[in-house]
Structure formats: C-alpha cells, structure tokens
Amino acid sequence: MIPYDIAVLGGGPAGYVAAIRAAQLGARVALIEAERLGGTCLNHGCIPTKTLLHNAEFLRELPKAKQRGILLADPGVTLDLPTMTRHKETVVGKLITGITGLLKSYGIEVFQGRGTIRSNLKITVDSGSELTAKKIILAGGSEAIRPPIPGIESPKVLTSREILNLEAVPEKLLIIGGGVIGVEFARIFNAFGSEVAILELAERLVPFFDEEISKNLTLQLKKEKIQIQTGTKVARFQETASGLEVLTEEGKTFSGTLALVSTGRKANLSAIEGLEIKTERGFVWTDPFLETSIPGIYAPGDINGKCMLAHAAFQMAEIAVENALNESGSKKEFRSRNIPAVLYGSPEAASVGWTEAEAKQSGKALKVGRFPFTANGRALAADQGSGFVKVVADAETEALLGVQMIGPSVSEIVNEAAVLLSVGASVRDIAETPHGHPSCSEALQEAAADALGIAVHLPKKR
Ligand code: FAD
C-alpha cells in the first residue's frame with residue numbers, strides 16, 4: 001500500500017481546504033468524509049442559515065414597501081417552508097458541486113465513509129477501504145451540544161441541525177442560548193411569525209461581543225418583539241399537549257411549541273476513538289503550529305476549539321498543511337486575533353481585534369471613536385440608519401487595535417478592518433483614506449476620524 005502524502009479526515013471547511021492546499025503543494029492526497037462534502041458550514045450551518053435569514057430579511061422589507069412608494073396589490077403573505085427548504089438545498093447543492101469539482105480538478109481521491117485513525121498513521125474507512133499516509137489532517141469538526149438537562153431527549157427539543165428542516169413555522173419558539181447561533185435563529189423565526197423567547201445564562205446576549213454592541217442588539221431584538229431573559233438557567237424540559245414547557249432554576253416557566261438548544265458545540269472525535277491523543281476541554285489539543293500530541297497528525301478547524309468559525313477553519317487548514325509538508329523550514333503559527341466575527345441579521349454586528357474592554361486590560365492609553373449610522377447617507381437611503389461603528393486605537397501610536405460595529409453591511413466592513421489590523425494600520429491611515437460615497441464603510445472612516453477628534457460629519461464636541 002503506497003502511503004498518501006496527506007490523508008484528510010473530514011470534508012468540511014478545514015478538511016477540503018487542507019486537501020486542496022496540500023495538492024497545490026504537490027502532495028498526493030486522500031480525503032475521507034462520512035456525510036456530504038462541505039461539513040457543518042455548507043450543510044447545517046453558515047449557508048443554510050444565511051439562505052433562511054435572507055428570506056427573513058425579505059419579509060421584513062415588505063411592510064416598508066408602501067412608505068417607499070411601492071404598492072403591493074396583495075399584501076397577504078403565506079410561508080411555504082417545504083419550498084424554502086428545497087431552495088436552501090438547491091443553494092447548498094450548487095456549493096457542494098463546486099467543491100466536488102475542485103477536489104476532482106486537483107486529483108484528490110475522495111473516500112466516502114467514516115474514517116478511524118489507527119496507530120502508525122493508518123486509517124480504516126467503514127465502507128471497506130484502508131489507507132496509510134505520511135501525515136494526517138484531522139478535521140472532524142464539531143457537533144451541537146445537548147446539555148444534560150432532564151427532558152432534553154424530547155423530539156420537541158431541537159438543535160441547530162434539525163431546526164433547519166421544519167415543515168411548519170412553530171407558533172412559539174423557545175431558544176436556549178443567546179449566542180450568535182441562537183440570535184440568528186431568533187431573527188429567522190421571528191420574521192416567519194413565531195413568537196420567540198431567548199433564554200440566556202449570561203447577563204447579556206452575545207457576550208463575546210463588545211458590551212455596547214450587545215446592548216444595542218438587545219434593544220433591536222426587543223423592538224422586534226423577541227422576548228429576552230438573561231441570567232436564566234434552564235432546569236428541565238417537560239412535554240405538554242400543545243408543545244413543551246421550560247422550567248428554570250429561578251422558578252420561572254416558559255411554554256412553547258418547540259425549543260432550540262444552542263448552548264455550544266463540541267468536537268467530533270469519532271475519527272480518533274481508541275487513539276491516545278491529548279484533548280483539552282473536550283477538544284483536540286494542538287500546539288500553536290496546529291500539530292497534535294501525536295507527531296504527524298495536525299488538527300485544524302472546529303475540532304481544536306480555538307476559533308469555531310468557517311473562515312478560521314480555512315486559515316487553520318492552510319497553516320496545518322503547510323507545516324505538515326514543511327519538515328525542515330520554519331513553521332507558521334495560527335493566531336486568532338485578527339479573525340473577524342459576524343452576527344448576521346438586520347442589523348448585523350461584527351467585531352475584529354480587541355474590544356474596548358480587552359484593550360483596557362492591556363494597560364494602554366486608548367483613543368476610542370464612534371460614528372452612528374443615523375448620519376450615514378447610504379444607510380438612511382435603505383431605511384437602515386441604526387447602529388454604529390466603534391474603533392479602538394492606541395492613544396500613543398494611533399495604531400488600530402479593534403473595530404466593533406452594529407448596523408448595515410458591517411459583515412463586509414469588518415473585512416476591511418481585518419486587513420487594516422493585520423497590516424498594522426493607524427486610525428489616521430483610515431481617516432485620511434477617502435471611502436466611496438455614499439457607502440456604509442464611510443462610517444469606519446468617520447469613526448477613525450472621531451478617535452482623532454476630526455470627524456467632519458459629527459457635531460463639534462464640547
Ligand atoms: P465541520 O464543518 O464540522 O466539518 C467536519 C466534517 O468532518 C463533517 O463533514 C463530518 O461529517 C466529517 N467527519 C467527522 N468525523 C469524521 C470521520 N470519522 N470520518 C469521516 N468524516 C468525518 N461559521 C462562520 O464562519 N460563519 C457563519 O455564518 C456560521 N454560521 C453557522 C451557523 C450554524 C447553525 C452552525 C452550527 C455553525 C455556523 N458556523 C459559522 C460555524 C462553521 O460551520 C464551522 O466553524 C465550520 O463548519 C468548521 O469547519 P470544520 O471543517 O472544522 O468542521
């Protein structure tokens with residue numbers, strides 16, 4: 001059996017990118033995938049949610065039509081979830097076809113089935129194949145956690161995977177967990193007509209985001225009539241004739257038709273059952289170069305728990321493969337600091353680099369600038385004049401340290417901010433670079449100018 005240079009376990013964002021990069025570097029590559037190519041991201045995560053979210057946003061725009069001079073003949077709206085699901089699957093299918101074609105074009109051999117790593121870098125696939133490799137990329141990704149709460153086994157308690165394929169809109173949806181995934185589903189089903197409540201253990205929603213963003217988001221969600229209960233710990237689920245009840249440790253009861261549990265994700269360790277490999281908090285431990293405790297096995301993506309985002313998985317995959325194939329040269333480290341995080345919906349929120357609180361902890365003197373979308377022409381033209389951009393900079397060097405935003409198009413602006421952070425730009429660089437007018441990204445330029453006290457479209461400060 002001639003060993004492959006690289007065998008990749010998992011065909012999600014980490015796995016398929018690792019396979020392609022390895023082939024680009026001249027390696028002979030095998031990829032093993034138990035389900036469909038594309039992983040969580042394409043099949044149960046980023047893409048399906050954004051397809052449904054687009055439908056939600058489309059619905060939210062409809063009531064604005066009249067005020068904008070567009071008179072709809074029949075304002076009645078009926079949702080057809082099976083058609084929505086089929087449409088989502090069409091989008092997903094196009095992307096899977098794209099990945100399949102890419103892998104083929106690079107001559108990557110794809111094995112369908114569940115792979116298990118045995119000792120000596122040997123892999124068995126449950127569909128019958130066996131292969132060996134000089135290096136392994138372990139990219140098994142993650143799956144939703146079902147916390148050990150009594151009653152959670154009820155079919156009325158769903159994870160983010162099952163809720164994507166509902167045949168009817170639930171009348172009342174209880175969402176356990178107010179992180180990014182929970183909030184996205186809250187917005188989707190709220191727009192579809194469900195009565196939605198979010199129960200969150202922490203004192204605020206999306207606690208990884210800047211506090212001001214979290215507050216602004218909470219206000220927006222409340223305006224949309226989404227009920228939010230923070231500081232709430234679920235004690236039990238109990239089925240009822242019409243749905244289920246959620247009982248909390250604080251003694252409250254919430255009733256719903258269905259519940260979604262979005263309390264976090266855990267590593268999928270099925271490929272390493274029986275293998276002695278170091279784990280940490282349930283995730284596969286790696287060094288900064290993404291090599292595991294077993295030399296020659298690298299673990300990029302969700303499986304290592306370092307940064308559970310698809311674009312982080314893409315980057316980790318490239319780093320892991322380049323390190324795996326580069327035996328003698330200097331190795332690349334994975335750093336999560338300049339990786340943007342986005343919460344989708346309307347308005348969207350985005351963050352890159354340090355929040356103000358994190359920057360304060362560094363002990364540096366700071367300059368903080370803000371610009372509201374109420375003063376941005378492009379946002380107002382689209383009736384989206386709410387939210388703001390906030391920049392945090394080092395007061396002494398004016399170096400940009402972080403950008404936090406909530407408002408229109410911030411999922412795009414954050415990528416500009418990420419590049420600026422990685423090239424070490426200053427707020428002055430941003431303030432002095434003309435941004436196309438009218439554009440939502442002008443708000444970043446103005447926030448940078450505000451940090452320097454020279455924002456032209458903000459009133460004079462006293
Ligand atoms: P995965 O995508 O989980 O892929 C792992 C693959 O490995 C799977 O296909 C699995 O079948 C396969 N596998 C596992 N074990 C084996 C085995 N033993 N043998 C063979 N195959 C195996 N991230 C963003 O950046 N933006 C978003 O908007 C976003 N939205 C999301 C929405 C939801 C609802 C969810 C759940 C996640 C979202 N994410 C988002 C996160 C994103 O999906 C993950 O970060 C990303 O998919 C991780 O890629 P991965 O390759 O590490 O793992």
Side-chain angles (χ1 to χ4, degrees), residues 7-19 30-54 88 92 96 99 110-118 123-127 129 136-145 158-165 175 177 179-186 188 260-275 283-284 290 298-317 320 336 339-345 348-350 411 414-415:
V8 181
L9 271 146
Y16 82 78
V17 168
L31 183 147
I32 302 119
E33 171 55 57
E35 299 186 14
R36 290 200 298 188
L37 287 172
T40 305
C41 172
L42 242 67
N43 295 289
H44 323 288
C46 324
I47 303 301
T49 50
K50 270 29 130 207
T51 312
L52 293 181
L53 202 54
H54 187 81
K88 164 180 76 66
V92 169
I96 293 178
I99 292 174
V110 177
F111 292 80
Q112 185 68 48
R114 189 185 143 197
T116 310
I117 306 176
R118 311 288 174 193
I123 296 166
T124 54
V125 186
D126 65 1
S127 48
S129 314
I136 290 179
I137 302 293
L138 171 59
S142 66
E143 53 200 16
I145 292 177
L158 312 176
T159 69
S160 60
R161 190 161 171 160
E162 298 91 51
I163 202 169
L164 285 168
N165 296 313
I175 298 185
V180 170
I181 293 177
V183 170
E184 272 189 29
F185 279 109
I188 291 171
L260 164 71
V261 182
S262 50
T263 50
R265 297 182 62 80
K266 61 179 183 187
N268 180 341
L269 304 178
S270 64
I272 49 170
E273 276 168 15
L275 202 68
F283 291 94
V284 173
L290 303 175
Y298 289 75
D302 276 14
I303 198 163
N304 67 31
K306 287 185 198 294
C307 182
M308 296 176 79
L309 291 168
H311 44 291
F314 293 152
Q315 195 192 27
M316 283 189 249
S336 59
I339 294 184
V342 176
L343 185 146
Y344 294 86
E348 14 188 61
S411 64
V414 75
N415 299 319

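Order of appearance sets the numbers: ligands from 1, and atoms from 1 within every ligand. Below, all heavy atoms of this structure are taken into account, side chains as well, without hydrogens, waters or symmetry copies.
Using a 4.0 Å cut-off between heavy atoms, Asn268 contacts ligand 1 through its side chain alone, with no backbone atom that close. At a 4.0 Å heavy-atom cut-off, ligand 1 touches Leu309 through backbone and side chain alike. When non-hydrogen atoms are compared, ligand 1 lies under 4.0 Å from the backbone of Asp302 as well as from its side chain. Only the backbone of Met308 comes within contact range of ligand 1, with a heavy atom under 4.0 Å; no side-chain atom does. Looking at Ser142 against ligand 1, only its backbone comes within 4.0 Å, counting heavy atoms.
Note: no N/O pair closer than 3.5 Å links Ile181 and ligand 1 by distance alone. Between Ala14 and ligand 1, a contact under 3.5 Å exists for at least one N or O pair. At under 3.5 Å, not a single nitrogen or oxygen of Ser160, backbone or side chain, sits near a nitrogen or oxygen of ligand 1. For ligand 1, none of its N or O atoms has an N or O atom of His44 under 3.5 Å away. Considering backbone and side-chain N/O of Gly45, none are found under 3.5 Å from N/O of ligand 1. Checked against a 3.5 angstrom limit, the closest N/O atoms of Lys50 and ligand 1 fall inside it. Any N or O atom pair closer than 3.5 Å counts here, and Glu184 shares no such pair with ligand 1. Between Glu33 and ligand 1, a contact under 3.5 Å exists for at least one N or O pair.
With rounding to the nearest 0.5 Å, the separation of CG in Leu164 from CD1 in Ile47 is 12.0 Å. Of the inter-residue distances, the one linking Leu52 atom CG with Ile188 atom CD1 reads 5.0 Å to the nearest 0.5 angstrom. Of the inter-residue distances, the one linking Leu290 atom CG with Ile137 atom CD1 reads 9.0 Å to the nearest 0.5 angstrom. How far CD1 of Ile181 is from OG of Ser160: 5.0 Å, rounded to the nearest 0.5 Å. Summarising the geometry, atom CG belonging to Asn268 is positioned 10.5 Å from atom CG belonging to Leu9; distances are rounded to the nearest 0.5 Å. Note that CZ of Phe111 and CD of Glu33 are 14.0 Å apart. Values are rounded to the nearest 0.5 Å.
The shortest separation from a heavy atom of Gly113 to ligand 1 is under 4.0 Å, placing the residue in contact.
Remark: ligand 1 atoms within the under-4.0 Å shell around heavy atoms of Ala271 are 18 (N). Numbered from 1 in the order shown, with element, the atoms of ligand 1 that lie under 4.0 Å from a heavy atom of Cys41 read 2 (O), 43 (O), 47 (O). Heavy-atom contacts of Gly301 reach the following atoms of ligand 1: 52 (O) (cutoff under 4.0 Å). Residue contact check: Tyr344 has heavy atoms under 4.0 Å from atoms 28 (O) of ligand 1. Each of the atoms 17 (C), 18 (N), 19 (N), 20 (C) of ligand 1 lies under 4.0 Å from some heavy atom of Gly115. Contact atoms of ligand 1 toward Arg265: 36 (C) (distance under 4.0 Å to a heavy atom of the residue). Near Ala139, meaning under 4.0 Å from any of its heavy atoms, are these atoms of ligand 1: 5 (C), 6 (C), 7 (O). The ligand atoms of ligand 1 that sit less than 4.0 angstrom from a heavy atom of Ser270 are 15 (N), 16 (C), 17 (C), 18 (N).
Remark: among candidates Gly39, Gly10, Ala34, Gly140, the nearest residue to atom 5 (C) of ligand 1 is Gly140, based on non-hydrogen atoms. In this comparison of Gly15, Gly11, Cys46, the heavy atom closest to atom 30 (N) of ligand 1 sits on Cys46.
Looking only at protein heavy atoms, the nearest one to atom 53 (O) of ligand 1 is Gly141 CA, 3.1 Å. The protein heavy atom nearest to atom 2 (O) of ligand 1 is Thr40 N, 2.8 Å. Looking only at heavy atoms of the protein, atom 24 (C) of ligand 1 is closest to Ala310 N, 3.5 Å. The nearest heavy-atom contact from the protein to atom 49 (O) of ligand 1 is Pro13 CD, 3.3 Å.
Using a distance-only test at 3.5 Å, with no hydrogens or angles considered, a donor-acceptor pair links the side chain of Asn43 to the main chain of Leu37. No donor-acceptor distance shorter than 3.5 angstrom exists from the side chain of Thr263 to the backbone of Gly177, with no hydrogens or angles considered. Formation of a donor-acceptor pair under 3.5 Å by the Glu162 side chain with backbone atoms of Thr159 is found in this model. Counting only distance, with no hydrogens or angles, the side chain of Arg114 and the backbone of Ser270 share a donor-acceptor pair below 3.5 Å. Within the 3.5 Å criterion, the main-chain N or O of Pro340 finds a donor-acceptor partner in the side chain of His311. Looking at Gln112, its side chain does come within 3.5 Å of a backbone N or O of Glu35 through a donor-acceptor pair.
Residue His54 places its NE2 atom among 12 or fewer non-hydrogen atoms of other residues, nucleotides or ligands, all under 6.0 Å distant. Few gaps surround NZ on Lys50; more than 12 heavy atoms of other groups in view lie less than 6.0 Å from it.
With contacts defined as side-chain heavy-atom distances shorter than 4.5 Å, the pair Tyr344/Thr49 does not qualify. Looking only at side-chain heavy atoms (C-beta outward), Asp302 and Thr40 stay at 4.5 Å or farther from each other.
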